[in-house]
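Because the structure is a prediction, the values reported are computed rather than measured. When reading the values below, keep in mind they use all heavy atoms of this one structure, side chains included, and skip hydrogens, waters and symmetry mates.
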Amino acid sequence: MQQKFIKFIEEEHLFAEGQQVLLAVSGGRDSVTLCHLVAHAKIPFAIVHCNFHLRPGDCDRDEAFVRRLAQDYGVPCYVAQFDTQKYALDNKLSIEEAARKLRYDFFERQRQAVGFQLIATAHHHDDTIETFFINLLRGTGIAGLRGIPLRNGHIVRPLLPFGRKEIDDYVSRQGLEYVEDCTNSQALYLRNRIRLQLMPLLRQLSPSFDSVMEGNISRLADAAQIYQSHFERMRTLLLHPDGEGYSIDIDELKGLSPLKTSLFELLRTFGFSSSVVDEVVAALDSQSGKQFYSSSHLLVKDRSSLLIMPVKGDSDVQEYTVFPDDDNTQLPIPLRFATTDATTTLFRLQSNEACFDLDRIALPLTLRRWRHGDRFIPFGMKGSRLVSDLFSDLKLSLPEKEAVWLLCDANGAILWVVGLRASASAPVTKDTKTILKVSL
């Protein structure tokens with residue numbers, strides 16, 4: 001097994017010479033075997049371990065064992081302790097999902113902190129078959145049927161060629177000590193039920209089950225690669241940059257077949273679920289304005305396009321205080337302020353400029369995002385109107401609307417829908433003494 005391990009990591013170029021690797025070690029048979037094989041191959045390593053505090057007493061026992069194991073190998077050991085149940089509750093996750101996120105986030109932080117190149121986990125051949133069935137039962141695209149990849153960013157899985165029986169035999173022959181997670185023998189989680197109940201039955205039905213599944217997963221991985229390459233090209237052709245986001249032409253989209261699958265692949269990278277994609281498809285022929293959300297993006301069905309833009313967090317700064325005499329280089333848009341004597345000034349305004357009677361403006365000014373319900377009196381008109389009505393007149397797309405800023409006085413009166421229309425709040429008249437000129 002040691003020879004097979006060394007041959008595999010050399011053929012796959014998993015570890016470059018001199019690379020240091022963090023080994024994710026739980027203390028169980030698989031990770032203890034990984035430690036032994038990596039040490040035998042003389043690969044520099046350190047150990048990382050997570051104490052999830054899910055099994056009273058046992059988790060602390062596992063941590064103590066892993067610390068002793070690191071001492072035996074003479075390598076550093078980095079341990080994180082988590083209140084996993086609280087994290088799962090706070091983030092509305094299952095215990096399995098919470099533990100997985102906590103684990104990999106910690107591994108990556110520690111990798112960066114110590115300057116290592118790779119993280120190695122002890123996933124093996126049986127794990128990848130279990131993952132295949134988990135994803136199959138939960139519902140997944142073709143990517144989810146590839147099992148566990150050998151590489152994923154900085155993570156490598158050098159035990160993937162080995163099955164459960166090979167690892168057990170190796171542990172026995174080498175006399176390796178390990179700790180047993182009592183929950184592994186309990187059908188508490190879906191993975192355990194697949195491992196303890198489904199896979200023994202499938203092996204009974206088909207003696208060549210493992211080799212057949214290895215071939216199936218390999219072919220699905222190849223098909224997924226071709227599939228993803230196709231949709232990478234489709235994203236380049238159909239996702240058009242639009243402001244801070246993207247747009248998809250609806251007529252171009254309707255030419256794709258199958259439509260739902262194609263749209264799902266276009267939107268998947270923005271976090272949209274398959275159920276939301278179904279709703280978007282149903283709305284393609286409806287009136288514009290319908291909105292759909294993922295955890296990170298907003299999709300709007302516009303007249304002839306689907307508009308996709310990032311959702312701005314509550315922490316994003318949306319208002320800035322402005323003093324015309326100050327250096328305003330920290331503003332989100334480049335505004336320049338100048339004051340001139342009205343009695344000696346002759347000028348012709350450009351579309352990106354506005355002028356006001358400085359003496360009629362309450363300072364300081366505020367630069368802010370527009371909000372639904374904002375009203376102003378457009379210069380040259382008598383009555384007020386909604387800012388959103390101005391957008392409709394100008395036929396602005398949603399990304400263009402989202403990019404609009406308002407310049408207001410200290411009382412909140414809108415002076416300028418920046419770059420689009422000045423208000424009549426502080427107009428220049430024959431009685432004006434000082435003009436404030438604002439340029440975008």
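- At a threshold of 4.5 Å between non-hydrogen side-chain atoms, the residues Asn91 and Lys101 do not count as touching.
- The closest side-chain heavy-atom distance from Ile9 to Val156 is not below 4.5 Å.
- How far CD of Gln20 is from CG of Leu22: 9.0 Å, rounded to the nearest 0.5 Å.
- For the pairing with Ile194, the side chain to side chain contact (heavy atoms under 4.5 Å, CB included) check across Leu196, Leu198, Asn192 returns one residue only, Leu198.
- Distance check, rounded to the nearest 0.5 Å: OG of Ser262 to CZ of Arg235 gives 10.5 Å.
- Looking only at distances, a side-chain donor or acceptor of Thr131 sits under 3.5 Å from a matching main-chain atom of Asp127.
- Between Trp405 and Leu331 there is no side-chain heavy-atom pair separated by less than 4.5 Å.
- Closest heavy-atom contact between Pro161 and Glu166: O-OE1, 3.8 Å.
- Using modelled atom types, no side-chain atom of Asp105 and backbone atom of Leu102 make a donor-acceptor pair closer than 3.5 Å.
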Please assess Leu14 against Phe8 for the test side chain to side chain contact (heavy atoms under 4.5 Å, CB included), listing each intermediate value before the final yes or no.
-> CA-CA 8 Å; Leu14 280 190; Phe8 176 72; 4.1 Å; yes
Would you check, one step at a time, whether the test side chain to side chain contact (heavy atoms under 4.5 Å, CB included) holds for Ile217 with Ile129?
-> CA-CA 8 Å; Ile217 291 173; Ile129 297 176; 4.3 Å; yes
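- The line from CD1 of Ile148 to NE2 of His124 is 8.5 Å long, rounded to the nearest 0.5 Å.
- Sparse packing is recorded around NZ of Lys165, with 12 or fewer heavy atoms of other residues, nucleotides or ligands lying under 6.0 Å away.
- Applying the 6.0 Å contact sphere to CD of Gln81 captures more than 12 heavy atoms from other residues, nucleotides or ligands.
- Arg375 has its side chain out of reach of Val387: every pair of non-hydrogen atoms, C-beta onward, lies at least 4.5 Å apart.
- Summarising the geometry of Tyr293 relative to Leu298, their closest heavy-atom pair is CZ-CD1, 3.5 Å, with the distance given to 0.1 Å.
- For Lys290, the NZ atom counts as loosely surrounded, since its 6.0 Å shell holds 12 or fewer non-hydrogen atoms of other residues, nucleotides or ligands.
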Report the C-alpha distance between Lys7 and Glu10 in whole Å, list the side-chain angles of each, state the deciding distance to 0.1 Å, and finish with yes or no for salt bridge (charged side-chain N to carboxylate O under 4.0 Å, His left out).
-> CA-CA 5 Å; Lys7 182 180 179 182; Glu10 288 177 349; over 6 Å; no
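- Between the side chain of Arg368 and the backbone N or O of Leu406, no donor-acceptor pair lies under 3.5 Å.
- Ring-centre distance between Tyr73 and Phe45: below the 6.0 Å cut-off.
- Separation of atoms CG (Asp278) and CZ (Phe292) is listed at 11.0 Å; rounding is to 0.5 Å.
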Could you please spell out the steps behind the side chain to side chain contact (heavy atoms under 4.5 Å, CB included) verdict for Leu253 and Leu266?
-> CA-CA 10 Å; Leu253 179 64; Leu266 291 173; 4.0 Å; yes
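- Ring centroids of Tyr170 and His36 are separated by less than 6.0 Å, placing the two rings close together.
- The 12-atom threshold is exceeded at NZ of Lys254, counting heavy atoms of other residues, nucleotides or ligands nearer than 6.0 Å.
- The 12-atom threshold is exceeded at CZ of Arg203, counting heavy atoms of other residues, nucleotides or ligands nearer than 6.0 Å.
- How far CZ of Phe82 is from CG of Asn51: 9.5 Å, rounded to the nearest 0.5 Å.
- Side-chain contact between Arg157 and Asn152: present, with at least one pair of heavy atoms (C-beta onward) separated by less than 4.5 Å.
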Test salt bridge (charged side-chain N to carboxylate O under 4.0 Å, His left out) applied to Arg100 and Glu96, step by step | CA-CA 6 Å; Arg100 185 181 188 282; Glu96 289 176 286; over 6 Å; no
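- Atom CD1 of Ile134 is separated from atom CG of Leu145 by 12.5 Å, given to the nearest 0.5 angstrom.
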Could you please spell out the steps behind the salt bridge (charged side-chain N to carboxylate O under 4.0 Å, His left out) verdict for Asp302 and Lys401?
-> CA-CA 12 Å; Asp302 206 9; Lys401 296 175 189 176; over 6 Å; no
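- The ring pair (Phe, Tyr, Trp, His ring centres under 6.0 Å) contacts involving residues 266-288 comprise Tyr246-Phe270, Phe270-His297, where partners must be two or more places apart or lie in separate chains.
- Residues Asp126 and Ile167 fail the side-chain proximity criterion, which asks for heavy atoms closer than 4.5 Å.
- Taking both residues in full, the closest heavy atoms of Gly419 and Leu440 are given as CA-CD2, 4.2 Å, listed atom of the first, atom of the second, then distance.
- Between Pro332 and Leu367 the shortest heavy-atom distance is CD-CD2, 3.9 Å.
- Nearest heavy atom pair, residue Arg191 against residue Glu130, reads NH1-OE1, 3.1 Å.
- Side chain of Arg29 to backbone of Arg164: no donor-acceptor contact under 3.5 angstrom is found.
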Pair Ser274-Arg268, side-chain hydrogen bond (donor to acceptor under 3.5 Å, both in side chains): steps then yes or no = CA-CA 8 Å; Ser274 58; Arg268 181 170 56 84; over 6 Å; no
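- With hydrogens and angles ignored, the 3.5 Å screen pairs no side-chain donor or acceptor of Thr84 with any backbone N or O of Ala99.
- The local environment of CD in Gln112 is crowded, with over 12 non-hydrogen atoms from other residues, nucleotides or ligands closer than 6.0 Å.
- Between the side chain of Ser31 and the main chain of Gly27, a donor-acceptor pair closer than 3.5 Å is present.
- Taking each heavy atom of Pro364 and Val322 in turn, the nearest pair found is CB-O, 3.6 Å.
- Side-chain contact between Phe376 and Leu415 is absent, with no heavy-atom pair separated by less than 4.5 Å.
- One N or O on the side chain of Asp409 and one on the backbone of Asn411 form a donor-acceptor pair closer than 3.5 Å.
- Looking at heavy atoms from C-beta onward, Leu159 lies in side-chain contact with Leu37 at the 4.5 angstrom threshold.
- Environment of CZ in Arg385: crowded, with over 12 heavy atoms of neighbouring residues, nucleotides or ligands closer than 6.0 Å.
- Within a 6.0 Å radius of CZ in Arg146, other residues, nucleotides and ligands contribute 12 heavy atoms or fewer.
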Trace of the side chain to side chain contact (heavy atoms under 4.5 Å, CB included) decision for Leu190 with Arg193 | CA-CA 5 Å; Leu190 177 59; Arg193 292 195 291 273; 4.0 Å; yes
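- Judged by distance alone, the side chain of Ser172 and the main-chain N or O of Asp168 form no donor-acceptor pair under 3.5 Å.
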